[in-house]
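What follows is a single structure, written as C-alpha cells, with notes after it.
In each ligand, atom 1 is the first atom listed, and ligand 1 is the first ligand listed.
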Amino acid sequence: MSVKEEILEQQAEESESLNMYHSTQAVIHEALRKLGYGEAMYELLKEPLRLLTVRFPVRMDDGSVKVFTGYRSQHNDSVGPTKGGIRYHPEVDEAEVKSLSVWMSLKCGITNLPFGGGKGGIICEPRQMSLGELERMSRAYVRAISQIVGPNKDIPAPDVYTNAQIMAWMMDEYSHLREFDSPGFITGKPIVLGGSQGRETATARGVAIVIEEAARKKGIDIKGARVVIQGFGNAGSYLAKFMHDAGAKVVGVSDVYGAIADPNGVDIDYLLDRRDSFGTFSKLFTNTITNKELFELDCDILVPAAISNQITEKNAYDIKASIVVEAANGPTTMEATEILDERGIFLVPDILSNAGGVTVSYFEWVQNNQGYYWTDEEVEQKLKKIMVDSFENVYKVAKNHKVNMRLAAYMVGIRKLAEASSFRGWV
Ligand code: NAD
C-alpha cells in the first residue's frame with residue numbers, strides 16, 4: 001500500500017483537522033519523491049521540529065479565572081527563523097496548528113523568503129470576550145511562549161480573529177519581558193508601532209495578483225469576470241474590493257451566517273462600510289442564501305476565503321467556476337482536489353495564492369530590523385514581483401512534471417527546506 005493509500009484509509013476515522021494534517025503529509029511525501037528525496041527527508045519534514053502546548057490562567061471581567069490552552073508549532077528552521085500567525089478560535093487544536101505551520105514553511109519556500117514555517121493558536125471564543133479579557137489573554141500567551149519566540153527565532157503575525165491591536169499588545173508584552181523595544185518580534189502591527197504599509201491588505205492583494213495570472217492563462221478577461229467569494233474578513237473583503245476595482249463582477253459573497261448573491265454584482269462599498277470587525281454583514285439582509293448555495297452559483301472564479309474543508313467530495317461536482325483560487329488555508333480536501341482536476345477546473349492552491357500575507361510580513365520584519373520604512377508603492381511593487389514570479393515558477397513545474405498546481409506548489413515549497421536540511425547535514 002502506498003503512503004497516500006494508507007493515509008486515505010486512516011482518514012475515514014479521523015477528525016477534520018487530523019485529516020487535513022495527514023493529507024498534507026501525503027502531498028509532501030509525493031513532492032519529495034518527485035524531487036528524488038528518500039524516506040529520511042520525509043521523516044524530517046513530515047512533522048514540526050517543535051510543538052509547545054501551554055496552559056495559562058486569565059482573570060475574566062466577572063472576577064473568575066479561566067485557564068486557556070494555546071499552542072506554538074515550529075515546522076522547520078533550516079532556512080531561517082520560523083514565521084506564522086496566531087489564531088484565536090474555539091476549534092483550534094494541535095493537528096490544525098501543526099498543519100498550518102507546515103503550510104507556512106511551504107509558502108516561504110514558494111516565495112523564496114528566508115524563513116521556515118511556524119503557527120500558533122489559542123482555544124477561545126474571541127467574539128464573546130471583552131477587549132480587556134482579550135488583552136490579558138494575549139499578554140499571558142506571550143509570557144507562556146516567550147522562551148521559544150523572538151525576532152531571530154520565531155516571528156508571529158495575525159491569523160483568523162487576531163488583528164493589529166492584538167499584535168500591538170503582544171509586541172508590548174514581549175518588549176517588557178526583554179527590556180528593550182522589539183518591533184521585529186511580531187508582524188501585522190499598527191503602522192505607528194512599526195507595521196508595514198500594505199500589510200493590512202497584503203493577503204488579498206496577493207490573491208488578486210494570482211487571480212489575474214490564472215485568468216490570463218485560462219483566457220478569461222478580468223474585466224466582466226464573475227467572481228464568488230466565501231468570507232468577508234481580512235482576506236475576503238479586501239479581495240472583493242480589488243476585484244471590483246479591476247472591473248470584475250462580484251456576484252456572491254458570504255460570512256459565517258449566510259451569503260448574498262446578485263448576478264449584476266453586489267454593492268461591495270456598502271458591505272465594506274457596514275460589516276463588523278469580525279467580517280459579518282449578512283444580518284443586514286433578508287434575502288440571503290446559504291454558504292452551500294454560494295458554492296453552486298454560476299461564476300468564472302470561485303474564491304474560498306473563510307475556513308478549511310469547504311470544498312469536499314460532497315459539493316465538488318456542483319461548482320460551476322472554471323478557476324478556483326484558495327485564499328483560505330486548506331479549503332479543499334484531497335478528494336475534492338482530484339474531482340476538480342478531473343473536471344478540468346484550474347485550482348490555484350492556498351500555499352501559493354495566499355502567500356502575499358507572509359511576504360509583506362517579511363517586508364515588515366526587514367523594515368523593523370533596518371529601522372528604515374518603505375512607501376506603499378514600494379511594498380506593492382515588491383509584492384507584485386514576488387507573487388507573479390512565484391505563480392510562474394509553480395505553473396512551469398506543473399507543466400514540466402505534468403502534475404496539478406497543488407503538487408507543483410508543494411514541490412517548489414519543499415525543495416528549499418530539503419536542500420537547506422541536506423547542506424546543514426541533518427539528513
Ligand atoms: P477573518 O477572521 O478576518 O474573516 C473570516 C471570514 O470568514 C468572516 O467573514 C467570517 O464570517 C467568515 N467565516 C467564518 N467561519 C465561516 C464559516 N463556517 N462559513 C462561512 N464563512 C465563515 O479571517 P481572514 O484573516 O480573512 O482569514 C480567512 C482565511 O484566510 C483563513 O483560512 C486564514 O487562515 C487565511 N489567510 C489569512 C491571511 C491574512 O493575512 N489574514 C493570510 C493567509 C491566509
Tell me which protein heavy atom sits closest to atom 6 (C) of ligand 1, plus the residue, atom name and distance to 0.1 Å. Gly233 N, 3.7 Å

Which bit of Ser308 is near ligand 1, meaning a heavy atom under 4.0 Å away: side chain, backbone, both or neither? neither

Nearest protein heavy atom with distance in Å, relative to atom 11 (O) of ligand 1: Val256 N, 2.9 Å

Would Asp298 and Lys320 pass as an ion pair if we require N to O under 4.0 Å? no

Assess the side chains of Tyr362 and Thr111: does a donor N or O sit below 3.5 Å from an acceptor N or O? no

For atom 19 (N) of ligand 1, what's the nearest protein heavy-atom neighbour? Residue, atom name and distance, please. Gln230 NE2, 3.7 Å

What is the closest protein heavy atom to atom 3 (O) of ligand 1, and at what distance does it sit? Asn234 N, 2.9 Å

What part of Thr280, side chain, backbone, both or neither, has a heavy atom within less than 4.0 angstrom of ligand 1? side chain

Only residue of Ile229, Val348, Asp350, Asn354 satisfying side chain to side chain contact (heavy atoms under 4.5 Å, CB included) with Val325 is Val348

Is the closest heavy-atom distance from Arg275 to ligand 1 below 4.0 Å? no

With the threshold set at under 4.0 angstrom, would you say Arg199 reaches ligand 1 through any of its heavy atoms? yes

Should the proximity of Asn291 to ligand 1, defined as any heavy atom under 4.0 Å, be assigned to the side chain, the backbone, both, or neither? side chain

What is the closest protein heavy atom to atom 8 (C) of ligand 1, and at what distance does it sit? Phe278 O, 3.5 Å

Contact check, Phe281 vs ligand 1, heavy-atom distance below 4.0 Å: no

Compute the shortest N/O to N/O distance between Ala306 and ligand 1 and return yes if it is under 3.5 Å, no if not. yes

Short N/O distance, under 3.5 Å, between Asp159 and ligand 1? yes

Would one find an N or O of Gly357, backbone or side chain, under 3.5 Å from an N or O of ligand 1? no

The criterion is side chain to side chain donor-acceptor pair (under 3.5 Å); which residues satisfy it with Asp341, sequence neighbours excluded? Asn404

Which residues pass the ring pair (Phe, Tyr, Trp, His ring centres under 6.0 Å) test with Tyr71, sequence neighbours left out? none

Atom 37 (C) of ligand 1 - nearest protein heavy atom and its distance: Thr203 CG2, 4.3 Å

